[in-house]
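Following: one structure in structure tokens, then a few remarks.
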Amino acid sequence: LSGVLERLFPFNRGIFEDKVANLWFALSVATRGKLREWVSRNMLIRGALLATLAALTPVCVAMLTFQPQPTTSLVSAEPLTNASPRILGGRSVQLTSNQKKVPPLPSKTRKTFNTTASRRLEHWLVALTLSALAFFLCSFQVHEKAILFATTPALFLAPWDHDLALWMQLAGVWSLWPLLCKDNLTTAAIVLSSAFTVVFTAIYKADDYKANNKNDGDNKDANAGSKHRMNNAGLTRESILIAYAWRWLRAKLITMSYTAMFVLLALQIWVPPPETLPDFYPVLFALGGAINFAFAYLCYTIWLLESTVRPD
């Protein structure tokens, strides 16, 4: 039993074991490797716990306050009888004798229900991604491959924001590059990542093209990447301007991230590290990954809070 507990809570192995792209390794580099000398292990355990709980706070608040209100909750168009209670407004109601049948639901009503279900799924996936990022960045003794817990739900968010989803997948693979080099999987990683990018982009760019050529305004926003979440209903002009400014800034920062990742990858392949710094590139990959995932945490936090307060 003690061996199992040591594996589940590896406090004896230190706050990090290898060059992992999280907060604690970045702080160790900033302090020139003296973080574990200056701070005791017990203090690091408490600090990691408090930092993780603080990073999870937006998720907990958003999940507790998120309550989308559909205009109707009728989801069945079949005839209703007095002996068949149905759910209406969150309550089970028994129909009276003059309510033996109801007409089929109009398309707008069905769309409202589907939109509400979609919002719940979107909100849950964003919260799942954000909580995984919080644990990866702040918790004690994190492995490099733990970033897969964040990239997996982020991939399922592609129908809502495929630009951020694609960047998150590639940033995750990029952060694992030193580990892939150790396992001689660099060629496979490059080939599969390139194929994934081509297929992913082709699918969602085709969806954008179809959406932009539809006359139905509702359908036009359904698959338009990150644009469909720009619901201006009930928002002030200042809020709309702030939202568009953030999207512009986010796009520029993602472009800069792509450029930095490509440059560092090319340098690692073609330029040998300094003889006195054999871990030069692994450290840079870890620091770059920590910056990427901190930025991803900010992006998904804003998305989660925006999803919480967004009008129905």
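- Contact check for Leu179 versus His143: side-chain heavy atoms found under the 4.5 Å cut-off.
- One N or O on the side chain of Trp24 and one on the backbone of Cys138 form a donor-acceptor pair closer than 3.5 Å.
- Linking ILVMFWY side-chain heavy atoms closer than 4.5 Å, directly or via other members, places Val126 and Ile302 in a single hydrophobic cluster.
- Between Pro58 and Ala55, the shortest heavy-atom contact is CD-O, 3.4 Å.
- A centroid separation of 6.0 Å or more is found between the aromatic rings of Tyr258 and Phe262.
- Here the side chain of Tyr281 pairs no donor or acceptor atom with the backbone of Ile269 at under 3.5 angstrom.
- One hydrophobic cluster, built from ILVMFWY side chains closer than 4.5 Å, holds both Met256 and Met168.
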Between Arg247 and Asp163, does a salt bridge (charged side-chain N to carboxylate O under 4.0 Å, His left out) hold up when you go through it step by step? CA-CA 11 Å; Arg247 294 190 181 284; Asp163 293 331; over 6 Å; no
Would you sort out whether Gln169 and Leu155 count as a side chain to side chain contact (heavy atoms under 4.5 Å, CB included), showing the intermediate values? CA-CA 7 Å; Gln169 305 308 307; Leu155 180 59; 3.6 Å; yes
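- The environment of CZ in Phe135 is sparse: at most 12 heavy-atom neighbours from other residues, nucleotides or ligands sit within 6.0 Å.
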With side chain to side chain contact (heavy atoms under 4.5 Å, CB included) as the criterion, how do Ile254 and Phe295 come out once you've worked through the C-alpha distance, each side chain's angles and the decisive distance to 0.1 Å? CA-CA 9 Å; Ile254 287 178; Phe295 174 63; 3.8 Å; yes
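- For the atom pair Tyr300 OH and Phe293 CZ, the distance stands at 11.0 Å (nearest 0.5 Å).
- Looking at heavy atoms from C-beta onward, Trp160 lies in side-chain contact with Leu125 at the 4.5 angstrom threshold.
- Residues Ser257 and Trp167 have side chains that bring a donor and an acceptor to within less than 3.5 angstrom of each other.
- The line from OG1 of Thr151 to CG of Leu176 is 8.5 Å long, rounded to the nearest 0.5 Å.
- Here Leu128 contributes atom CG and His123 contributes atom NE2; the two are 12.0 Å apart, rounded to the nearest 0.5 Å.
- In this structure, Asn22 contributes its side chain and Phe25 its backbone to a donor-acceptor pair below 3.5 Å.
- Put simply, Ile203 and Phe200 are part of the same group of oily side chains (I, L, V, M, F, W, Y) that touch within less than 4.5 Å, one to the next.
- Of all heavy-atom pairs between Glu122 and Trp303, the closest is OE2-NE1, 2.7 Å.
- No donor-acceptor distance shorter than 3.5 angstrom exists from the side chain of Thr201 to the backbone of Val198, with no hydrogens or angles considered.
- Contact between Leu137 and Ala21 at its shortest, heavy atoms only, is CD2-O, 4.1 Å.
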Does the pair Trp177 and Ile190 meet the rule for a side chain to side chain contact (heavy atoms under 4.5 Å, CB included), with working shown? CA-CA 10 Å; Trp177 183 257; Ile190 292 175; 3.8 Å; yes
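- With contacts defined as side-chain heavy-atom distances shorter than 4.5 Å, the pair Asp161/Arg250 qualifies.
- Connection of Leu185 to Val173 is established within a shared hydrophobic cluster, with ILVMFWY side chains joined at heavy-atom distances below 4.5 Å, either directly or through further cluster members.
- For the pair Ser307 and Arg119, the tightest heavy-atom approach, listed with the atom from each and the gap, is O-NH2, 2.6 Å.
- Considering every non-hydrogen atom in both Ala171 and Asn292, the closest pair reads CB-ND2, 4.2 Å.
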Audit row: Leu164, Cys299, side chain to side chain contact (heavy atoms under 4.5 Å, CB included) steps and yes/no: CA-CA 9 Å; Leu164 186 60; Cys299 291; 4.2 Å; yes
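- In this structure, the separation between CG on Leu53 and CG on Leu49 is 4.5 Å, given to the nearest 0.5 Å.
- How far CG of Leu253 is from CG of Leu249: 4.5 Å, rounded to the nearest 0.5 Å.
- Taking 4.5 Å as the limit, every side-chain heavy atom of Leu304 sits out of range of all side-chain heavy atoms of Thr129.
- Sparse packing is recorded around CZ of Phe149, with 12 or fewer heavy atoms of other residues, nucleotides or ligands lying under 6.0 Å away.
- When the shell of 6.0 Å around CZ of Phe196 is examined, it contains more than 12 heavy atoms from other residues, nucleotides or ligands.
- The two residues Val142 and Val20 make their nearest non-hydrogen contact at O-CG2, 3.8 Å.
- Rounding to the nearest 0.5 angstrom, the gap separating the CG atom in Leu50 from the CD1 atom in Ile45 is 12.0 Å.
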